[in-house]
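Quick caveat: nothing in here was measured; it's all calculated off a predicted structure.
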Amino acid sequence: QVQLVESGGDSVQAGGSLRLSCAASGSRYRTRFMAWFRQAPGKERQGLVAVRTLGGSFSWYADSVKDRFTVSHDNTRGTLYLQMNKLKPEDTAMYYCAADQRGVVGDPFDTANYDYWGQGTQVTVSS
């Protein structure tokens with residue numbers, strides 16, 4: 001079992017920055033992949049960035065965020081970070097962390113690949 005707790009969400013003005021954290025814990029919290037998703041009201045959950053956390057670090061970014069968001073992973077602490085710069089009002093959403101222990105198959109942004117999810121942290125960007 002893996003427990004995920006996100007933090008760092010806040011209300012900021014457009015152009016600002018935030019850093020989200022996702023702390024993994026549990027008796028067997030070692031993961032193979034972790035990812036950040038977001039979901040705005042009335043919209044589907046959207047994959048933002050996925051990172052392979054076991055067997056070498058490799059990451060995938062959604063086109064909408066690849067020039068503004070940066071993911072990092074602290075293997076020692078099992079913590080995933082998301083540095084978000086140049087935030088826009090359309091970035092407003094609940095941000096979720098997800099983790100997988102089996103290995104991602106196909107699209108790393110397919111929610112079906114992830115067994116564990118956090119409760120989310122709210123990001124609100126005002127214009």
Side-chain angles (χ1 to χ4, degrees):
Q1 287 288 333
V2 178
Q3 290 82 47
L4 302 174
V5 178
E6 304 97 333
S7 61
D10 205 344
S11 296
V12 296
Q13 291 191 332
S17 298
L18 284 174
R19 188 192 193 206
L20 305 183
S21 299
C22 172
S25 63
S27 61
R28 298 189 179 196
Y29 70 94
R30 294 298 181 184
T31 60
R32 291 183 179 270
F33 283 80
M34 295 184 75
W36 286 101
F37 289 77
R38 69 184 177 191
Q39 189 166 18
K43 294 188 177 181
E44 292 187 353
R45 192 162 294 191
Q46 174 192 15
L48 303 176
V49 57
V51 58
R52 186 172 63 198
T53 54
L54 181 66
S57 180
F58 191 84
S59 57
W60 296 259
Y61 285 87
D63 289 341
S64 59
V65 303
K66 64 181 180 180
D67 295 327
R68 300 184 295 123
F69 292 6
T70 303
V71 69
S72 59
H73 181 251
D74 184 329
N75 271 310
T76 302
R77 299 184 177 184
T79 301
L80 187 71
Y81 302 96
L82 184 66
Q83 178 66 42
M84 306 188 296
N85 299 325
K86 299 179 182 179
L87 284 163
K88 305 174 181 180
E90 50 264 42
D91 293 319
T92 295
M94 185 71 79
Y95 283 67
Y96 296 92
C97 175
D100 160 75
Q101 293 182 312
R102 299 170 291 151
V104 165
V105 177
D107 183 0
F109 295 144
D110 184 347
T111 57
N113 275 313
Y114 298 92
D115 295 322
Y116 304 101
W117 293 83
Q119 292 299 307
T121 186
Q122 178 68 37
V123 172
T124 302
V125 184
S126 58
S127 58

Between atom [atom1] of [X] and atom [atom2] of [Y], what is the distance when rounded to the nearest 0.5 Å?
{"X": "Leu82", "Y": "Ser72", "atom1": "CG", "atom2": "OG", "answer": "8.5 Å"}
{"X": "Ser59", "Y": "Met34", "atom1": "OG", "atom2": "CE", "answer": "14.0 Å"}
{"X": "Cys22", "Y": "Asp74", "atom1": "SG", "atom2": "CG", "answer": "12.0 Å"}
{"X": "Ser25", "Y": "Gln1", "atom1": "OG", "atom2": "CD", "answer": "11.0 Å"}
{"X": "Met94", "Y": "Gln122", "atom1": "CE", "atom2": "CD", "answer": "5.0 Å"}
{"X": "Phe37", "Y": "Thr111", "atom1": "CZ", "atom2": "OG1", "answer": "6.0 Å"}

Worksheet item: Just wondering, do Tyr81 and Thr70 contact through their side chains at under 4.5 Å, heavy atoms?
Response: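 Counting from C-beta outward, Thr70 and Tyr81 never come under 4.5 Å.
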Worksheet item: Under 4.5 Å between any side-chain heavy atoms of Thr31 and Leu54, yes or no?
Response: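 With C-beta onward as the side chain, the pair stays apart.
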Minimum-distance pair of heavy atoms, taken over all atoms of [X] and [Y]:
{"X": "Tyr114", "Y": "Ala50", "value": "OH-CB, 3.7 Å"}
{"X": "Glu6", "Y": "Tyr95", "value": "OE2-O, 4.0 Å"}
{"X": "Asp100", "Y": "Arg102", "value": "OD1-N, 3.2 Å"}
{"X": "Leu4", "Y": "Ala24", "value": "CD2-CB, 3.7 Å"}
{"X": "Ala93", "Y": "Ala40", "value": "CB-N, 3.9 Å"}
{"X": "Ala62", "Y": "Gly47", "value": "CB-O, 3.5 Å"}

Worksheet entry | Met84 and Leu20: CA distance, side-chain angles, deciding distance, side-chain contact (heavy atoms from CB on, under 4.5 Å) verdict | CA-CA 8 Å; Met84 306 188 296; Leu20 305 183; 3.8 Å; yes
Worksheet item: Taking only residues two or more places apart in sequence, or in another chain, which ones meet Ser17 in a side-chain hydrogen bond (donor to acceptor under 3.5 Å, both in side chains)?
Response: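 For Ser17 the side-chain hydrogen bond (donor to acceptor under 3.5 Å, both in side chains) partners, ignoring immediate neighbours, are Asn85.
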Discussion item. I'd like to know if Lys66 and Asp63 make a salt bridge, using a cut-off of under 4.0 Å between side-chain N and carboxylate O.
Written reply: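 Between Asp63 and Lys66 there is a salt bridge, with a charged N closer than 4.0 Å to a carboxylate O.
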Worksheet item: Are Asp91 and Arg38 ion-paired here, with the side-chain N under 4.0 Å from a carboxylate O?
Response: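 Yes, this pair counts.
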Worksheet item: Does the ring center of Trp36 lie less than 6.0 Å from the ring center of Phe69?
Response: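 Not close enough - the centres of the two rings lie 6.0 Å or further apart.
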Practice prompt. Report the C-alpha distance between Ser64 and Gln46 in whole Å, list the side-chain angles of each, state the deciding distance to 0.1 Å, and finish with yes or no for side-chain contact (heavy atoms from CB on, under 4.5 Å).
Written response: CA-CA 10 Å; Ser64 59; Gln46 174 192 15; 3.4 Å; yes
Discussion item. What I want to check is whether the side chains of Ser21 and Thr79 have a donor and an acceptor closer together than 3.5 Å.
Written reply: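 Judged by distance alone, the side chains do not pair up.
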Discussion item. Let me check something: do Val5 and Tyr116 share a hydrophobic cluster, defined by ILVMFWY side-chain heavy atoms less than 4.5 Å apart, either directly or through other members?
Written reply: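 Unlinked, Val5 and Tyr116 end up in two clusters.
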Fill in: Audit row: Val51, Thr53, side-chain contact (heavy atoms from CB on, under 4.5 Å) steps and yes/no
CA-CA 6 Å; Val51 58; Thr53 54; 4.1 Å; yes
Worksheet item: Yes or no on side-chain contact (heavy atoms from CB on, under 4.5 Å) for Leu48 and Phe109, after CA distance, side-chain angles and deciding distance?
Response: CA-CA 7 Å; Leu48 303 176; Phe109 295 144; 5.8 Å; no
